Protein chains: 2
Amino acid sequence: MMTIGEAAAASGVSAKMIRHYETVGLLRPHRAANGYRVYADADIAVLRFIRHARDLGFPLEKVRRLLALWRDRNRSSAEVKRLALSHVEALEAKAASLRAMAASLRQLAEHCHGDERPECPILDELEKAP
Amino acid sequence: MMTIGEAAAASGVSAKMIRHYETVGLLRPHRAANGYRVYADADIAVLRFIRHARDLGFPLEKVRRLLALWRDRNRSSAEVKRLALSHVEALEAKAASLRAMAASLRQLAEHCHGDERPECPILDELEKAP
DNA sequence: ATGGGGGTTCCCACAATGGGAAGGTCAAGG
DNA sequence: CCTTGACCTTCCCATTGTGGGAACCCCCAT
């Protein structure tokens, strides 16, 4: 049984975020008589779970669903896999979009002299009509 | 000389965003006697510039600097190139991070049977201690 | 004059995180 | 016993970029 500060240290989630996860309903710690939140080992496990999921880029809504599956002893691994792969697709789509931007811009930059002169194909491109 | 709706249609930037760009100081349209914003062709060019820069993922702060360089006839292309390449690095770093997440997660998913059984290495990983 | 299609400002929301203020609580030590 | 400092509580604000919507004003055509 620990306070929020200890739970933060034990889980690697900041106290601020722990409270936030509670307000969005991912967590329900007990309260001591003085109003302090009290975290049991199971709560710490939840917090670590959340952190790992966040480290993999899952948005909180998907973390919520993962948690539900985690707690459900009758889940099918298929459902977990589906959720995970949909997230993989989202990540890859986003990454591809960023890489496309980077590639276009790098392309433009390669044609830029990068000297004292003001002429610059990067600005020319940004200025274009369409 | 056009109103904000026409400027939106001409530039591809929503009226909502045009107002926002104004409040953050990227734009200063004139005002008609009735209080309506009035956009000149130069303003439309600025809006298109902003849109192109946003399409390349530049955050508004960098868009602001690009605009300043664009307007500065004495700019050096080196400065533009530096700004662009720093953004390229940011994009690539972000993309790499997303791809790393996707790769880890895909890896985990590959080891998940994805059937009716509850055992799932994805959840096992999220549950892990550290 | 009236109705519709603009325009204006202002507030709220998202997602996830952090900063900070104002105040309550507890343990240690003088 | 009381102070001090570390910790807890709630509440508000900011970030980034975008959108939704309310309440209200304006102009033109019917």
Side-chain angles (χ1 to χ4, degrees), chain A residues 1-40 43 46-47 49-67 87 90-91 93-94 97-98 101, chain B residues 1-40 43 46-47 49-67 87 90-91 93-94 97-98 101:
Chain A
M1 294 307 216
M2 20 184 142
T3 64
I4 197 170
E6 294 163 336
S11 67
V13 179
S14 74
K16 209 89 193 203
M17 285 288 95
I18 295 179
R19 293 195 193 94
H20 179 61
Y21 294 154
E22 181 180 347
T23 70
V24 299
L26 298 183
L27 204 59
R28 287 252 188 78
H30 289 155
R31 294 288 180 137
N34 57 16
Y36 285 18
R37 289 169 178 83
V38 176
Y39 297 87
D43 295 317
V46 168
L47 287 171
F49 185 98
I50 295 173
R51 181 168 61 78
H52 292 322
R54 291 290 302 130
D55 286 348
L56 286 172
F58 283 98
L60 288 187
E61 267 320 303
K62 284 189 178 174
V63 174
R64 183 194 311 281
R65 283 190 263 158
L66 283 172
L67 269 173
H87 181 50
L91 288 169
K94 185 72 180 175
S97 155
L98 294 179
M101 291 178 195
Chain B
M1 294 308 217
M2 18 185 142
T3 65
I4 198 170
E6 294 163 335
S11 66
V13 179
S14 74
K16 209 86 191 208
M17 287 297 26
I18 295 178
R19 293 195 192 93
H20 179 60
Y21 294 154
E22 180 180 346
T23 71
V24 299
L26 297 184
L27 204 59
R28 288 247 187 76
H30 287 155
R31 294 287 181 138
N34 58 14
Y36 284 17
R37 290 169 178 83
V38 176
Y39 296 87
D43 295 315
V46 168
L47 287 171
F49 185 98
I50 295 173
R51 180 168 62 78
H52 292 323
R54 292 288 304 132
D55 286 349
L56 287 172
F58 283 98
L60 288 187
E61 267 319 305
K62 283 188 178 176
V63 173
R64 182 196 310 282
R65 282 190 264 157
L66 283 171
L67 269 173
H87 180 50
L91 288 169
K94 185 74 179 174
S97 155
L98 294 178
M101 291 179 194

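If you're wondering where the values come from, they're calculated on a predicted model, not measured in any experiment. Below, each value reflects all heavy atoms present in this structure, side chains not excepted, and no hydrogens, waters or symmetry copies. In what follows, chains are A, B, ... by sequence order, proteins preceding strands, each numbered from 1.
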Roughly, in whole Å, what's the span from [atom1] in [X] to [atom2] in [N]?
X       : N      : atom1 : atom2 : value
B:Glu6  : C:dG7  : CD    : P     : 7 Å
B:His20 : D:dG17 : NE2   : C1'   : 6 Å
A:Lys94 : D:dT16 : NZ    : P     : 16 Å
A:Arg31 : C:dT25 : CZ    : P     : 13 Å
A:Lys62 : C:dA16 : NZ    : P     : 11 Å
B:His30 : C:dG7  : NE2   : P     : 19 Å
A:Met17 : C:dG19 : CE    : P     : 11 Å
B:Leu60 : D:dT15 : CG    : P     : 12 Å

### Side-chain donor/acceptor of A:Tyr36 to base of C:dG24, under 3.5 Å
yes
### Message
Is it the case that D:dG17 (base atoms only) and B:Lys16 (side chain only) share a donor and an acceptor within less than 3.5 Å, ignoring hydrogens and angles?
### Response
no
### Message
Is there a side chain to side chain contact (heavy atoms under 4.5 Å, CB included) between B:His30 and B:Arg37? Walk through the geometry before answering.
### Response
CA-CA 6 Å; B:His30 287 155; B:Arg37 290 169 178 83; over 6 Å; no
Between [X] and [N], does any side-chain N or O lie under 4.0 Å from OP1 or OP2?
X       : N      : result
B:Ser14 : D:dG19 : yes
B:Thr3  : C:dG6  : no
A:Arg19 : D:dT9  : yes
B:Arg51 : D:dG17 : no
B:Arg37 : D:dC26 : no
B:Arg54 : D:dT16 : no

### Query
Does the distance from a Lys or Arg side-chain N to an Asp or Glu carboxylate O, for B:Glu22 and B:Arg19, drop under 4.0 Å?
no
### Query
Roughly how far, to the nearest 0.5 Å, is OG of B:Ser11 from NE2 of B:His52?
10.0 Å
### Message
Considering every strand and a 4.0 Å limit on heavy-atom distances, what is the contact class for B:Tyr21: base, sugar-phosphate, or nothing?
### Response
sugar-phosphate
### Message
Apply side chain to side chain contact (heavy atoms under 4.5 Å, CB included) to residues B:Ile4 and B:Tyr36 and explain how you reach the verdict.
### Response
CA-CA 8 Å; B:Ile4 198 170; B:Tyr36 284 17; over 6 Å; no
### Message
Do A:Val46 and A:Leu67 make a side-chain contact, defined as non-hydrogen atoms from C-beta onward lying under 4.5 Å apart?
### Response
yes
### Message
By nearest atom, which of the nucleotides D:dC27, D:dT9, C:dT17 is closest to the B:Asn34 side chain?
### Response
D:dC27
